[in-house]
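Just so it is clear: chains get the letters A, B, ... in the order the sequence lines come, proteins before strands, and each one is counted from 1.
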2 protein chains.
Amino acid sequence: MTRAGVTPERLVRAGVELADEVGFDGVTVSALARRFDVKVPSLYSHVRNSQDLKTRITLYALEELADRSAAALAGRAGRDALIALGTVYRDYAHAHPGRYAAARMRLDPRTAATSAGPRHSQLMRAILLGYRLDSTDQVHAVRLIGSTFHGYISLELAGGFDHSDPGPQESWERIMDALDALLRNWPTRQPPEGPS
Amino acid sequence: MTRAGVTPERLVRAGVELADEVGFDGVTVSALARRFDVKVPSLYSHVRNSQDLKTRITLYALEELADRSAAALAGRAGRDALIALGTVYRDYAHAHPGRYAAARMRLDPRTAATSAGPRHSQLMRAILLGYRLDSTDQVHAVRLIGSTFHGYISLELAGGFDHSDPGPQESWERIMDALDALLRNWPTRQPPEGPS
DNA sequence: CCCGTTTCCTAAACCTACTATGCATCAGCC
DNA sequence: GGCTGATGCATAGTAGGTTTAGGAAACGGG
């Protein structure tokens, strides 16, 4: 009975790859045990339960995505920064759909606080430095950008743009343009009536 | 052995309610059988399998949401229409999170084509009649609006805005303002540099 | 009233999560 | 080199999910 060499770290790594192959929901203790050629209960020495496993995968994905975001944002501001961050998210979701799904899983507040989540908020906020928004508008703008990024990626991955004409890449670029224009010209309050 | 009176329609209705109570993922044939006080295999006379059940729930939710959207859009245009549609989506997601999740499930192309999905596209496009966009920009604008709506609702439901200050209602209103401003002033192409 | 259809059942095969428990192996110490 | 304790992995078993096969009982039309 030679040992398979299971460790929590290797489990998470394998879980991350499994997620990209079969989807985050397909990450089960059983599937992971098969991958290690080990019986299911053996994994419970290394991971508390299925939830714990998924949480670790989520934390891994959040870190990885935050690292890539930080790298992409270095030295960029305004429109460049906006597009760079959006592209990192979108590329990550395409290359690693399981990890992207994992990164969206809700964490309990205590775990979330020590995750890379706050780093993501920081980075998102950094984009706005290139645009002149007062501090209360910044929160709203961050939420708008986050919503649009996530919404677009989510719909695109779900195949929502598959059967209509302009490719998703073109729409993405136009939407980045639109967001940039919006941030440069953020409406002060209830905008006036009539044409511009 | 008095009959329980299970029909596909009643199953879907119950499944829809169950989804709102325990989440769309919690809709299982077993849970539904318990709700009807009937043994699990009995349901397989009325529904092909678990996937079929979920598809039917999705179709129901898509219809219902399209009906509400159409009602809300009647007689409205431009900014009013934009906010009305967004509010319908968001209110629906809050009141019926399970149905909203169901409505986002991917359908196979054949089923999708006969679903209320196309109606949703139509309604979304109708909003843009109040704004002057050329037809290629319309597709991009529809995708932007859809992404932002879905992204915001998704993040809000996932608790993403729970632990920071301005309430989600305020951000939502400001984002509707921003979208309206953007649509009234849609950037023609790569926008010029420099301040506005 | 009786027969066919429908509705629901039991039984059983197979998946996943998880717990309890036990044995084998490895590291370190004498 | 052999003992000892911690660790790695296994077997066994509970519990709940999906699904198929086949059978009995209720309902409804002739």
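One interatomic measurement links the two molecules: CD of Gln51(A) to P of dA17(C), which rounds to 12 Å at whole-angstrom precision. Asn49(B) has its CG atom 17 Å from the P atom of dG17(D), to the nearest Å. In this structure, CG of Asp37(A) is placed 18 Å from P of dG8(D), rounded to the nearest angstrom. The distance from atom CG of Asp52(B) to atom P of dT20(D) is 11 Å, rounded to the nearest whole Å. Counting to the nearest Å, the C1' atom of dG17(D) and the CG atom of Asp25(A) are 15 Å from each other. Summarising the geometry, the separation between CZ on Phe36(A) and C1' on dA10(D) is reported as 17 Å, rounded to the nearest angstrom.
Take Ser69(B) and apply the side chain to side chain donor-acceptor pair (under 3.5 Å) test, not counting sequence neighbours, and it matches no residue.
Comparing dT10(C), dT19(C), dA10(D) against the side chain of Lys39(B) picks out dT10(C) as the nearest. Among the nucleotides dC8(C), dG17(D), dT19(C), the one closest to any side-chain atom of Ser30(B) is dG17(D). Closest approach to the Val40(A) side chain among dC18(C), dT18(D), dC9(D) is made by dC18(C) (side chain taken as heavy atoms from C-beta onward). Checking dC18(C), dC8(C), dT20(D) against the side-chain heavy atoms of Tyr44(A) singles out dC18(C) as nearest.
Between dG8(D) and Ser45(A), no contact under 4.0 Å exists linking OP1 or OP2 to a side-chain N or O. Under 4.0 angstrom from either OP1 or OP2 of dT7(D) there lies no side-chain N or O belonging to His46(A). Between Arg34(B) and the phosphate of dG17(D), there is a side-chain N or O to OP1/OP2 separation shorter than 4.0 Å.
Ser50(A) comes within 4.0 angstrom of sugar-phosphate atoms only, judged by non-hydrogen atoms across all strands, and of no base. Contacts of Thr28(B) with the nucleic acid, taken as non-hydrogen atoms under 4.0 Å apart, involve only primed sugar atoms and P, OP1 or OP2.
Looking at Leu144(B) and Leu182(B), their side chains come closer than 4.5 Å, going by heavy atoms from C-beta outward.
A salt bridge between Asp162(B) and Arg106(A) is present, with a side-chain N of the basic residue lying under 4.0 Å from a carboxylate O of the acidic one.
Panel note: side chain Tyr131(B), backbone Arg79(B); a donor-acceptor pair is recorded below 3.5 Å.
Heavy-atom distances to DNA chain C give each of Pro41(B) and Thr7(B) a nearest nucleotide, and the one nearer the 5′ end belongs to Thr7(B).
Figure legend: Arg99(B) and Tyr60(B) shown without cation-pi pairing, the cationic atom not lying both under 6.0 angstrom from the six-membered ring centre and within 45 degrees of its axis.
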